[in-house]
There are 2 protein chains.
Amino acid sequence: MNLPTLRQLHYLVTVVELCHFGQAAERCFVTQSTLSTAIQELEGLLGAQLLERTKRKVIPTKLGIDLANKARDIISMTERLVLDAQVDRKPLSGVLKLGVIPTISPFLLPKVLPGVRSTFQDLELYLLEDQTQNLLERLSAGELDCAILALPFDLGGLEQQVFWQEDFLVAFPAGHPLSEGGPIASKALPDSELLLLEKGHCLRDHALAVCHMKAVANRASFQGTSLYTLVQMVAGGQGITFLPEMAVNDEFLAQNQIAVRPLSEKGPHRELTLVWRASYHRKADLALLADCMQGLLEKG
Amino acid sequence: MNLPTLRQLHYLVTVVELCHFGQAAERCFVTQSTLSTAIQELEGLLGAQLLERTKRKVIPTKLGIDLANKARDIISMTERLVLDAQVDRKPLSGVLKLGVIPTISPFLLPKVLPGVRSTFQDLELYLLEDQTQNLLERLSAGELDCAILALPFDLGGLEQQVFWQEDFLVAFPAGHPLSEGGPIASKALPDSELLLLEKGHCLRDHALAVCHMKAVANRASFQGTSLYTLVQMVAGGQGITFLPEMAVNDEFLAQNQIAVRPLSEKGPHRELTLVWRASYHRKADLALLADCMQGLLEKG
DNA sequence: AATTATTAATGGAGAAAATCGATTAATGAA
DNA sequence: TTCATTAATCGATTTTCTCCATTAATAATT
């Protein structure tokens, strides 16, 4: 369908209001001829007479008045649309879809979410827990706005801001021969006892990377599905594993019968980072979010 | 305020729907570059990002989706406006403001209005009774759509369609010396007994014109304010007067004790006509109305 | 790793439109 | 009659819109 332009509608509204082409033209900041032509085109387009005019008088027709009223509505809706677009959005307000990997989620979120929520009152946070690769796909597809992942991993074209870093600790069953002492070198660990998370968890790869071990050294049947179950296996004496500091400080894990020793390999062993698409339009907001989380973690 | 064009909004709606510039362009029957430019201008105008795009993907922002929804509403309102304008209006439907002079109104309307109303079911007729000059002013001002008047009078620039014509009769008190007989010449009438309507009624002028009398021949104190009161004065023996055929056939007047004789001056003495502004946009409707009234009067 | 295909942005040329200024014709008023 | 007002009209100009061709970036495929 061929639509009139908003400009034509605006002209109509003004002429109907003033019943005078010259004055209406002045109010619209155009010449009378412009207005005259525009109205004629509008009438032509609609196939109906909107104004009855003599050289002396302008009388809107019933239809002209009706349409001018509708036109007023249309124009004011459009004005509102413009205003809506220009609402000075508070930073980090509205919906934000955040993905988090499972080896970070249960330890980080309880620490930072209350603080984040109180800092950004108008933030509506939607959380999705999944493994790195899946999160990256969803992020690329636009289903997520950002994700919290652990470096190192292949960023692709994504941008990021690291907000935390931590070491790994080795967890032994209570009473294990190696369970006592200070920093221990990964070389000193018995490969055959190592328990890891199942494939897909980046923590698995990171742990192996730290101690230069090969994944093949582990028994598939003992791959854990979460850090909680993994710790319970360690506590049950079925093997040893690596844990990020964050997990060790967690209350739940602390209740289990395990002993932890730091690694003598120094490092930060894993970096927590907030990532987003390079084309994302609210980068500034996300930087604020990363800053906020960092601040909360540093305060303890 | 600077408003976006409906075209820009339409482009936005399409791109948000398809998430693909090329496809959206195709659907809009323009090239991709046209669409691309238009969206960029829209974003510039609104001062906000509506779409997040890489070379590979297009992801609408929250704002983009919101505004596209609003835009859809605006566009469909505009489409409805166009449809409203093109509604094939039945002839003589809707409001019609009709003026009628007092010497026609009480005799004509009861005869024709029922028929008019049943012929044009959707007609909303607003009636105004006043003297010719006042009706003409209101007609010119656009307060009336048309008027029923009696010729002859100065039409000015108005257009008209005559739908009836009638003679005048002379009315005498029952028992008046001249009350019996056939056609009578106006010259034979006693000037001093002539009663007329007050000034402003065209019937007064028409009556005087028929018999070439001067208005000054009449006593001001006996000028009637309506044909009903005038007839009662005649019945009371206070004088004679002219009546249009229409009034003579009226039931109310027939009950009064008066006698009527035709004038020997032949010819239609007054013509009933429907008048409208030359610029009026529903002339065709009014011609139908005049035709209709004529038909009803001819049937009796 | 190199090649190919896809896609949005960009630049320049041409077409379409909107607007203006000047004039005309009609209308009322003085 | 003459004058003032006003909407329509015409031609010229400016602005906007659109297209085509090309580019740069990105994935997918070889």
Side-chain angles (χ1 to χ4, degrees), chain A residues 2-12 14-16 18-45 49-60 64 136-137 140-142 154-158 277-279 281, chain B residues 2-12 14-16 18-45 49-60 64 136-137 139-142 154-159 277-279 281:
Chain A
N2 227 345
L3 293 182
T5 66
L6 287 179
R7 180 175 293 142
Q8 286 172 326
L9 294 182
H10 178 230
Y11 290 165
L12 173 65
T14 313
V15 179
V16 166
L18 297 178
C19 288
H20 191 292
F21 277 75
Q23 290 169 25
E26 193 176 359
R27 180 177 296 188
C28 294
F29 305 108
V30 294
T31 60
Q32 168 263 319
S33 84
T34 297
L35 202 92
S36 212
T37 311
I39 297 286
Q40 285 175 60
E41 269 189 20
L42 183 58
E43 287 182 326
L45 173 72
Q49 189 168 352
L50 305 175
L51 299 168
E52 190 188 320
R53 35 228 199 261
T54 65
K55 295 286 168 184
R56 213 62 196 172
K57 269 193 296 285
V58 175
I59 304 172
L136 289 178
E137 281 169 22
S140 284
D154 180 16
L155 271 168
L158 299 173
R277 295 181 298 279
S279 59
H281 59 296
Chain B
N2 226 345
L3 293 182
T5 66
L6 287 179
R7 180 174 292 146
Q8 285 172 325
L9 294 181
H10 179 231
Y11 290 164
L12 173 66
T14 312
V15 179
V16 166
L18 297 178
C19 288
H20 191 294
F21 278 74
Q23 291 169 23
E26 193 175 359
R27 180 176 294 188
C28 293
F29 305 109
V30 294
T31 61
Q32 168 263 318
S33 85
T34 297
L35 203 96
S36 213
T37 311
I39 297 286
Q40 285 175 59
E41 268 188 21
L42 182 58
E43 287 183 325
L45 173 72
Q49 190 169 352
L50 305 175
L51 300 169
E52 189 187 319
R53 35 227 201 262
T54 65
K55 295 287 168 185
R56 212 60 197 174
K57 269 193 298 283
V58 174
I59 304 172
L136 289 178
E137 280 169 23
L139 187 56
S140 284
D154 181 15
L155 271 169
L158 298 172
E159 295 182 354
R277 295 180 297 279
S279 58
H281 57 296

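Predicted, not measured: the structure shown is a model, and the values here were computed from it. Every chain is numbered from 1, with letters handed out A, B, ... down the list of sequences.
- Whole-Å rounding puts the B:L18 CG to C:dT7 P distance at 12 Å.
- What you find for B:Q23 and B:H20 is that their closest heavy atoms are N-ND1, 3.0 Å.
- As rounded to whole Å, 13 Å separates atom P of C:dT10 from atom CD of B:E41.
- Residue order along DNA chain C, read from the 5' end via each residue's closest nucleotide, puts B:Q23 first among B:S140 and B:Q23.
- Nearest heavy-atom pair, B:A38 versus B:Q8, reported as atom, atom and distance to 0.1 Å: O-NE2, 4.0 Å.
- Between its opening and closing five pairs, the helix from C:dA1-D:dT30 to C:dA30-D:dT1 changes axis direction by 20°, a value rounded to 10 degrees.
- The closest donor-acceptor contact from the side chain of A:K57 to the backbone of B:A141 lies at 3.5 Å or more, if one exists at all.
- Judged by closest nucleotide on DNA chain C, B:F21 is the one of B:F21 and A:T37 placed further toward the 5' end.
- Shortest non-hydrogen contact noted between B:R27 and B:L18 is NH2-CD2, 3.6 Å.
- Straight-line distance from the CD atom of B:Q40 to the P atom of C:dA9: 5 Å, rounded to whole Å.
- The two residues B:S140 and A:I59 come nearest to each other via the heavy atoms O-CD1, 3.9 Å.
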Please assess A:L158 against A:R277 for the test side-chain contact (heavy atoms from CB on, under 4.5 Å), listing each intermediate value before the final yes or no. CA-CA 5 Å; A:L158 299 173; A:R277 295 181 298 279; 4.2 Å; yes
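- Looking at A:E43, its side chain does come within 3.5 Å of a backbone N or O of A:L50 through a donor-acceptor pair.
- Here the closest non-hydrogen pair linking A:V15 and A:A24 is CG2-CB, 3.7 Å.
- Rounded to whole angstrom, the span from the CG atom of B:L35 across to the P atom of C:dA8 amounts to 10 Å.
- The separation between B:E137 atom CD and C:dG28 atom P is 13 Å, rounded to whole Å.
- On the nucleic acid side, DNA chain D contacts chain B at distances under 4.0 Å to non-hydrogen atoms, with the end points of that region at D:dC17 to D:dA27.
- When distances run from any side-chain atom of A:R7 to the nucleotides C:dT19, C:dT10, C:dA9, the shortest one goes to C:dT19.
- If you take NE2 of A:H20 and P of C:dT27, they are 16 Å apart, rounded to a whole angstrom.
- Atom CD of A:Q32 is separated from atom C1' of C:dA22 by 11 Å (rounded to the nearest Å).
- Residue A:Y11 places at least one side-chain N or O closer than 4.0 Å to OP1 or OP2 of C:dT19.
- Between the side chains of A:S33 and A:S36, no donor N or O sits under 3.5 Å from an acceptor N or O.
- Summarising the geometry, the separation between CD on B:E26 and P on C:dT6 is reported as 14 Å, rounded to the nearest angstrom.
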